[in-house]
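The chains referred to below are lettered A, B, ... by the order of the sequence lines, with proteins before strands, and numbering in each begins at 1.
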There are 2 protein chains.
Amino acid sequence: MAKNCNFIEKLRELGLRPTKQRVKMCELLFNREKTFHFTINDLVKMISEEMNEKISLATVYNTVHAFEKKGYLKEISINSDKSYFDTNTSVHHHFYDEDTNELIDCDENDIDPVNIKKSITGKKINSVEVLVKVASDNQNQKKFN
Amino acid sequence: MAKNCNFIEKLRELGLRPTKQRVKMCELLFNREKTFHFTINDLVKMISEEMNEKISLATVYNTVHAFEKKGYLKEISINSDKSYFDTNTSVHHHFYDEDTNELIDCDENDIDPVNIKKSITGKKINSVEVLVKVASDNQNQKKFN
DNA sequence: CAACAGTTTAGAATTATTATAATGTAGATT
DNA sequence: AATCTACATTATAATAATTCTAAACTGTTG
Ligand SMILES: [Mn+2]
Ligand SMILES: [Mn+2]
Ligand SMILES: [Zn+2]
Ligand SMILES: [Zn+2]
């Protein structure tokens, strides 16, 4: 979705009624320079911090899934217990910081194209994504206790 | 863990008591030619099919996590709702069949080494893994109903 | 064969997510 | 503007995966 804008129009074009909950969530998610990653919980927290009225959890789930279905959010699985969503819906690679549980996008220059030599008959490739797990480099971490 | 064997010894070496539940799970998981992928539910089903006595769900979780901690299983996150485990604990790439929810291992010949040009200061790379999502190639699938 | 520490177990608790069903409302129709 | 209606929101209950708890049990050590 575009920056800086009339989300009411955009939502209508998508066939989604521009209710105040959806508009608010659009503003939080898409009205910014950079794409970002969030969990449902992050989003609920963002909403309650930046709003007087609350949006019910069910609506947050419904709306996130509606935006996902329309292709404006994508789901990312890193660890089993939590689901991340990404406002960057392109096929792209990630660094995952295991210390902070933070996801970091790569751009095309960060990782060379992946050369796949295997193919499965009757199946087409939908996406190829790399996950680079990183962690703090304290090799000589000592514990004193 | 090795094939075909005295798991009692192996478990003892790991500092895990060789209880009958653990030995049974070792046999199911590690006493085979090829590595494989499973969910906790798969495993519970396997156990109840191949045993007269049941192993409680809590013990299955405990034991899987114990084996994971010792480095004999690794957890793989593909979609948010279910956790896969892999008896292949090496860093390796996967194909994921979105039609059947099946995970397929790649070997070194299937995908060329990934060239990472980005680095994050103070962080070391723990793993680099590629996930290739595939699906059925019926581009002109028509629905009649 | 005690004694103890580690282990299993059933069941309760937690957490993430989805379903339900009553209520509310945006936008169209009068 | 009042009414209508399909779609949305909401609180709440239901599910599902996973973890916790605390009592019963068992392998190992002496
Ligand atoms: Mn989803
Ligand atoms: Mn785990
Ligand atoms: Zn991303
Ligand atoms: Zn694998």
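B:T63 places no side-chain N or O within 3.5 Å of a backbone atom of B:V60 that could act as its donor or acceptor partner. Formation of a donor-acceptor pair under 3.5 Å by the B:T89 side chain with backbone atoms of B:Y72 is not found in this model.
Side-chain heavy atoms closer than 4.5 Å link hydrophobic residues (I, L, V, M, F, W, Y) into clusters, and following such links, even through other members, never connects B:V130 to B:Y96.
Nearest-nucleotide assignment on DNA chain D puts the 5′-proximal partner with A:L16, out of B:R12 and A:L16. Comparing B:P18 and B:L57 against DNA chain D, the residue whose closest nucleotide sits nearer the 5' end is B:L57.
Relative to the side chain of B:I40, the nucleotides D:dT18, C:dA16, D:dT28 differ in distance, and D:dT18 lies closest. Nearest nucleotide to the A:Q21 side chain, out of C:dA10, D:dT9, D:dT18: D:dT9. Listed nucleotides D:dT9, C:dT8, C:dA19 differ in distance to A:T63; the shortest reach to its side chain belongs to D:dT9. Distances from the side chain of B:S83 to the nucleotides D:dA8, D:dA11, D:dT18 place D:dT18 closest.
Distances shorter than 4.0 Å separate some side-chain N or O of B:T19 from OP1 or OP2 on C:dT8. Distances shown here put every side-chain N or O of B:T59 at or beyond 4.0 Å from the OP1 or OP2 atom of C:dT8. A close approach under 4.0 Å does not occur between any side-chain nitrogen or oxygen of B:R17 and OP1 or OP2 of D:dT26. Look at A:H65 and you'll find a side-chain N or O under 4.0 angstrom from OP1 or OP2 of C:dT18.
Whole-Å rounding puts the B:Y84 OH to D:dA17 P distance at 11 Å. If you take CG of B:L11 and P of C:dT7, they are 10 Å apart, rounded to a whole angstrom. Rounded to whole Å, atom C1' of C:dT18 lies 13 Å from atom CD of A:E75. Atom P of nucleotide D:dT18 and atom CD of B:E68 are separated by 11 Å, given to the nearest angstrom. Rounded to whole angstrom, the span from the OH atom of A:Y61 across to the P atom of D:dT10 amounts to 16 Å. For the pair A:R22 CZ and C:dG24 C1', the interatomic distance rounds to 14 Å; values are reported in whole Å. A straight line from CG of B:N62 to C1' of C:dG6 spans 12 Å, rounded to a whole angstrom. Atom CD1 in A:I55 sits roughly 15 Å away from atom C1' in D:dA11 (whole-Å rounding).
Looking at A:D105 and A:H37, their side chains do bring a donor and an acceptor atom within 3.5 Å of each other.
Taking the six-membered ring where the residue is Trp, A:F7 and A:F30 present tilted rings, their angle falling between 30° and 60°.
Looking at heavy-atom distances under 4.0 Å, A:K54 makes contact with sugar-phosphate atoms alone, never a base.
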